[in-house]
Amino acid sequence: MRKILLVLAFLLSFINTTKASHAAGGELLYTWISDSTYKITLKFYRDCSGIPEPGAMTCYCLNMCAPILSPNSCFTINLNKVTSVPNGQEVSTGCPGYPSTCNGGTFPGYREWIYENTVTLPSRCNYWKFYISESARNGAITNLFSPATQTLYVEATLNNQYAQGNSSPYFTVKPVPYVCMGNPYNYNNGAIDPNGDSLSFSIIQPLSSPQACNVMAPNIIQFNTANGTFNLTNNPLSTNNTFNISPITGQISFIPNIQQVAVVSVLVKEWRNGIQIGSVMRDMPRA
């Protein structure tokens with residue numbers, strides 16, 4: 001079997017080698033139900049060698065139109081682990097015959113856990129932000145500085161002043177945690193917008209945040225300059241500057257050139273009549 005290479009974070013952070021580290025990645029989505037009520041969904045990717053997944057997750061709802069620290073500026077809801085559908089399924093390793101840590105093997109393994117709840121927004125705003133922050137990222141990540149001290153942060157935004165009944169884009173392709181070193185690799189998250197709005201795609205710096213309300217701007221996790229020359233243009237992980245993402249289709253291509261554990265985040269913005277009405281992130285690893 002060829003050397004297996006990296007862990008990218010496209011709104012997901014996967015590989016964690018310490019027992020306390022379990023937050024491998026994730027994405028936060030919302031679905032309009034009626035009036036100002038939305039279903040918030042978190043897809044959380046847990047490292048099978050880490051601690052158990054939480055029974056519930058805290059989602060922070062930040063109203064960027066309200067005065068900071070006012071009673072209406074931020075509130076929380078509990079996202080509960082879904083029991084009505086199959087939950088905790090393993091994300092395929094892509095390596096038949098090589099069992100993962102989810103099934104008694106040694107290769108890193110990850111399970112997808114889904115958390116949901118509904119929220120009724122008290123007002124309309126051109127910038128609602130929903131976010132979660134979960135500790136801790138994988139200490140083995142090679143392209144980020146001091147990853148074990150950072151949280152996994154993912155967010156979604158909504159302009160319900162202009163688009164009250166909007167649902168966020170969602171991903172139809174599960175994250176693929178492994179790619180082979182030296183081989184050209186192509187991947188698409190399969191983002192679809194249920195309202196038929198236009199989407200644009202970009203790579204952003206992975207983020208971290210305190211577990212608190214009123215986080216106006218999360219912390220950018222800097223690249224680890226000791227392990228290579230990284231940038232968001234064509235080398236967010238070690239690819240010898242071959243990394244590319246289409247801003248129109250979200251198609252990603254690169255050739256990983258060393259053995260590594262890397263994280264990259266994908267941002268999907270949603271547009272209607274030239275106005276941005278929402279966004280989602282996917283934090284996703286590769287190995």
Side-chain angles (χ1 to χ4, degrees), residues 6-16 21-29 42-45 57-62 64 68 73-74 127-158 168-169 175 189 191 200-239 241 243-245 247 250 252 254 260-270 276 278-286:
L6 57 139
V7 188
L8 287 183
F10 294 178
L11 267 221
L12 291 146
S13 291
F14 275 85
I15 286 187
N16 293 299
S21 299
H22 67 297
E27 61 213 53
L28 195 61
L29 314 169
L42 170 67
K43 293 186 178 181
F44 174 72
Y45 296 87
M57 293 275 209
T58 299
C59 177
Y60 301 90
C61 305
L62 180 59
M64 303 289 276
I68 187 66
S73 66
C74 187
Y127 196 168
W128 277 97
K129 183 166 72 171
F130 314 109
Y131 62 94
I132 67 102
S133 180
E134 177 69 12
S135 62
R137 286 186 184 265
N138 176 15
I141 293 170
T142 55
N143 68 330
L144 300 181
F145 178 75
S146 190
T149 66
Q150 311 289 347
T151 66
L152 167 70
Y153 174 95
V154 291
E155 69 175 35
T157 67
L158 166 67
S168 74
N189 287 285
S200 63
F201 303 84
S202 62
I203 297 295
I204 63 171
Q205 208 84 15
L207 302 172
S208 182
S209 165
Q211 295 174 313
C213 249
N214 287 301
V215 174
M216 306 296 287
N219 301 316
I220 293 173
I221 306 176
Q222 299 298 326
F223 285 127
N224 184 359
T225 56
N227 284 344
T229 303
F230 301 107
N231 64 74
L232 291 180
T233 303
N234 58 15
N235 209 54
L237 64 155
S238 190
T239 68
N241 299 320
F243 187 96
N244 181 70
I245 181 171
I252 291 168
F254 58 90
Q260 60 191 302
V261 176
V263 173
V264 180
S265 295
V266 168
L267 174 65
V268 183
K269 293 182 179 180
E270 181 183 8
Q276 185 180 338
S279 67
V280 295
M281 293 171 54
R282 189 179 231 195
D283 203 59
M284 183 174 67
R286 293 267 186 273

How long is the span from the [atom1] atom in [X] to the [atom2] atom in [Y], to the nearest 0.5 Å?
X: Tyr45; Y: Leu42; atom1: OH; atom2: CG; value: 9.5 Å
X: Asn244; Y: Thr233; atom1: CG; atom2: OG1; value: 10.5 Å
X: Thr157; Y: Gln276; atom1: OG1; atom2: CD; value: 5.5 Å
X: Lys129; Y: Glu155; atom1: NZ; atom2: CD; value: 5.0 Å
X: Phe130; Y: Leu29; atom1: CZ; atom2: CG; value: 11.5 Å
X: Leu237; Y: Phe254; atom1: CG; atom2: CZ; value: 5.5 Å

Q) Phe243 and Ile252: side chain to side chain contact (heavy atoms under 4.5 Å, CB included), yes or no, with the steps? A) CA-CA 7 Å; Phe243 187 96; Ile252 291 168; 3.8 Å; yes
Donor-acceptor under 3.5 Å ([X] side chain, [Y] main chain):
X: Gln211; Y: Ser133; result: yes
X: Asn143; Y: Val263; result: yes
X: Asn235; Y: Thr229; result: yes

Q. Only one of Ile132, Val154, Leu152, Val215 forms a side chain to side chain contact (heavy atoms under 4.5 Å, CB included) with Ser209, so which one is it?
A. Val215
Q.
Tell me which pairs pass ring pair (Phe, Tyr, Trp, His ring centres under 6.0 Å) where either residue lies in residues 212-232, with sequence neighbours left out.
A. Phe223-Phe230
Please report the closest heavy-atom contact between [X] and [Y], naming both atoms and the distance.
X: Ala212; Y: Tyr131; value: O-OH, 2.6 Å
X: Pro169; Y: Glu270; value: CD-OE1, 3.4 Å
X: Leu207; Y: Pro218; value: CD1-CG, 3.7 Å
X: Thr149; Y: Ser146; value: OG1-O, 2.8 Å
X: Leu28; Y: Val280; value: O-CG1, 3.7 Å

Answer whether the closest heavy-atom distance between the side chains of [X] and [Y] falls below 4.5 Å.
X: Val266; Y: Ile203; result: yes
X: Ile220; Y: Ile204; result: no
X: Ser265; Y: Pro206; result: yes

Q. Do Ser73 and Asn214 have a side chain donor and acceptor closer than 3.5 Å?
A.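 Present: a donor and an acceptor within the cut-off.
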Q: Tell me, please, which residues at least two apart from Cys74 pass disulfide bond (SG atoms under 2.5 Å apart).
A: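 Expected list: Cys213.
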Q. Taking only residues two or more places apart in sequence, or in another chain, which ones meet Gln150 in a side chain to side chain contact (heavy atoms under 4.5 Å, CB included)?
A.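 Arg137, Ser208, Ile221.
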